[in-house]
Amino acid sequence: MAFVYVADLKKHAGQTVAVRGWLFHRRSAGKLHFLQVRDGSGVVQCVMGRKDVDEKTFELAGRATQESSVIVEGEVRLDERAPGGAELGVKKFEIHAMAEQPYPIAIQQHEHGVDFLMEQRHLWLRGPKSAATLRVRARVAQSIRDFFNNRGFFLVDPPILTPAACEGTTTLFNVEYFEDKAYLTQSGQLYMEAAAMALGKVYSFGPTFRAEKSKTRRHLTEFWMVEPEVAWATLDDIMNLAEEFVSFVVQRALETCREEFKVLERDPKPLEKIVPPFHRISYDDACAKVKAAGVEMKDEDDFGTPQEMAIVGDSEKPVMVHRYPTAVKAFYMKRDPQNEKRVLCVDVLAPGIGEIIGGGQRADDLRYLEDQIALHKLPRSAFEWYLDLRKYGSVPHSGFGLGLERTVAWICGNEHVRECIPFPRTIYRIYP
Ligand code: 4AD
Ligand code: MG
């Protein structure tokens, strides 16, 4: 008997097929067992009548425990009311491995607190919402790769062990590196700048690390970032790219994740509006908006979540904020020629989640960069190679980083980024 995935059942209407999976839920009513079997691609209801199987099998199904692995053979019956559009009329039923009892996670998951569920993350992944979020994440990752691959970008993989800080020294993870000290990468950007000088248009996509001590709903200590970098590109060029990129990813999610949005109770309507252009606003105008909304902030300071929420307001599209104060941004940012207190950078703020992208134009002047490295008290010796990029054919160039988990949280309508990565790492959690 050929095995079929639940997602493909509709193609086999009227045929007898076999499904392999796990028993998600069982309901028994006299002469009938209703067995919900999930296999990763979907959930199918398998209906077993007392007369359809021998007595032993019917009795076995009646005591099958939640999350037992099972093999079910039956006839595919189309049924519009069934979740995937089909159900199985059971002919054969086999338990591959009976699950111990009780299963730690109740069907009604909201009965558990998030801390408990996170402690059981290895099992919680099987829950409908967790699995739906992971499927969305996988498809978003695919669309990210498609977007850049189809536009002539080369995938370049920057190192994870690095000798220096990219995004400030306060969030570095130290690693013993033989007799030396190294850090887990905070961003591949500096290496991507070198790669852009070699290959023109490049992107990286992988894990990055920040020793974030803040316990917020949008900070992880290990998260995935996609980082395009483009030689000759200006701030305007990279803002255009960011806007097209975010729109592409959201539209692709709408095409490929409709079923998942139903499971997640995510209304897809607002996402349909995510197309260029996005509203663009300068840092200074954004500050005025924050103050007008009655949200407190210090002059010339960076934005936190409350300020970002005030800037996005009730906009359904992301908002692009450009030209932040030089003092709050990283050492490598290019200064705005119109105003030396501002840098040519952009943050993209998404409704409900805030910053999903940070980026901008890079300083391409050797002397300026040297001064910035000194000003930020960074060890110059670790940056000599980076300064070389300004010595040998320096050109304007720009790029950005998009956080995958924040983007998935926004698309799924999930409250917290920790649900958007299989095994989240935060200040309080490194298990499982
Ligand atoms: O704004 P950030 O710090 O920018 C950079 O690292 C640049 N070097 C990127 C570049 O220009 N190539 O981080 C970029 C994005 C943020 O907008 C956010 O989406 C995500 O990375 N991010 C985090 N996501 C989850 N947890 C954290 N602790 C994050 N820190 C940043
Ligand atoms: Mg940022």
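Numbering of ligands and ligand atoms starts at 1, following listing order. Side chains included, hydrogens not; waters and symmetry mates left out as well; all remaining heavy atoms used.
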Enquirer: State the atom name: nearest N, O or S atom of Glu355 to the Mg ion (ligand 2).
Expert: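 Output for this pair reads OE2.
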
Enquirer: N/O of Leu402 under 3.5 Å from N/O of ligand 1, yes or no?
Expert: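 For ligand 1, there is no N or O atom that lies under 3.5 Å from one belonging to Leu402.
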
Enquirer: Just to check, does Arg362 reach to within less than 4.0 Å of ligand 1 when the distance is taken from its heavy atoms?
Expert: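 Distance cut 4.0 Å: Arg362 passes for ligand 1.
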
Enquirer: Are any of the heavy atoms in Ile357 under 4.0 Å away from ligand 1?
Expert: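 Distance cut 4.0 Å: Ile357 passes for ligand 1.
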
Enquirer: Going by distance only, is there an N or O of Tyr332 that falls short of 3.5 Å from an N or O of ligand 1?
Expert: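 Yes, since at least one N or O of Tyr332 sits under 3.5 Å from an N or O of ligand 1.
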
Enquirer: Please classify the Arg218 to ligand 1 contact at 4.0 Å (heavy-atom distances, strictly less than): side chain, backbone, both or neither.
Expert: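 Contact part for Arg218 vs ligand 1: backbone (N, CA, C, O).
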
Enquirer: Does Arg390 qualify as a cation-pi partner of Tyr386, given the criterion of NZ or CZ under 6.0 Å from the six-membered ring centre and within 45 degrees of its axis?
Expert: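 Positive - Arg390 is close enough to the ring of Tyr386 and near enough to its axis.
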
Enquirer: With under 30° as parallel and over 60° as perpendicular, where do the rings of Phe148 and Phe245 fit, or are they tilted in between?
Expert: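 Phe148 vs Phe245 ring planes: tilted.
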
Enquirer: Measure from NZ or CZ of Lys329 to the centre of the six-membered ring of Tyr324 and say whether it is under 6.0 Å with the direction within 45° of the ring axis.
Expert: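 Cation-pi check for Lys329 and Tyr324: passes.
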
Enquirer: Could you identify the single nearest non-hydrogen protein atom to atom 6 (O) of ligand 1 and state the distance to 0.1 Å?
Expert: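 In this structure, atom 6 (O) of ligand 1 has Arg210 NH2, 2.8 Å as its nearest protein heavy atom.
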
Enquirer: Suppose we measure from atom 31 (C) of ligand 1 to each protein heavy atom; which comes out shortest, and what is that distance?
Expert: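 Checking every protein heavy atom, the shortest distance to atom 31 (C) of ligand 1 gives Phe223 CZ, 3.4 Å.
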
Enquirer: Flag the pair Tyr183 / Phe209 as yes when their ring centroid distance falls below 6.0 Å, and as no otherwise.
Expert: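 No.
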
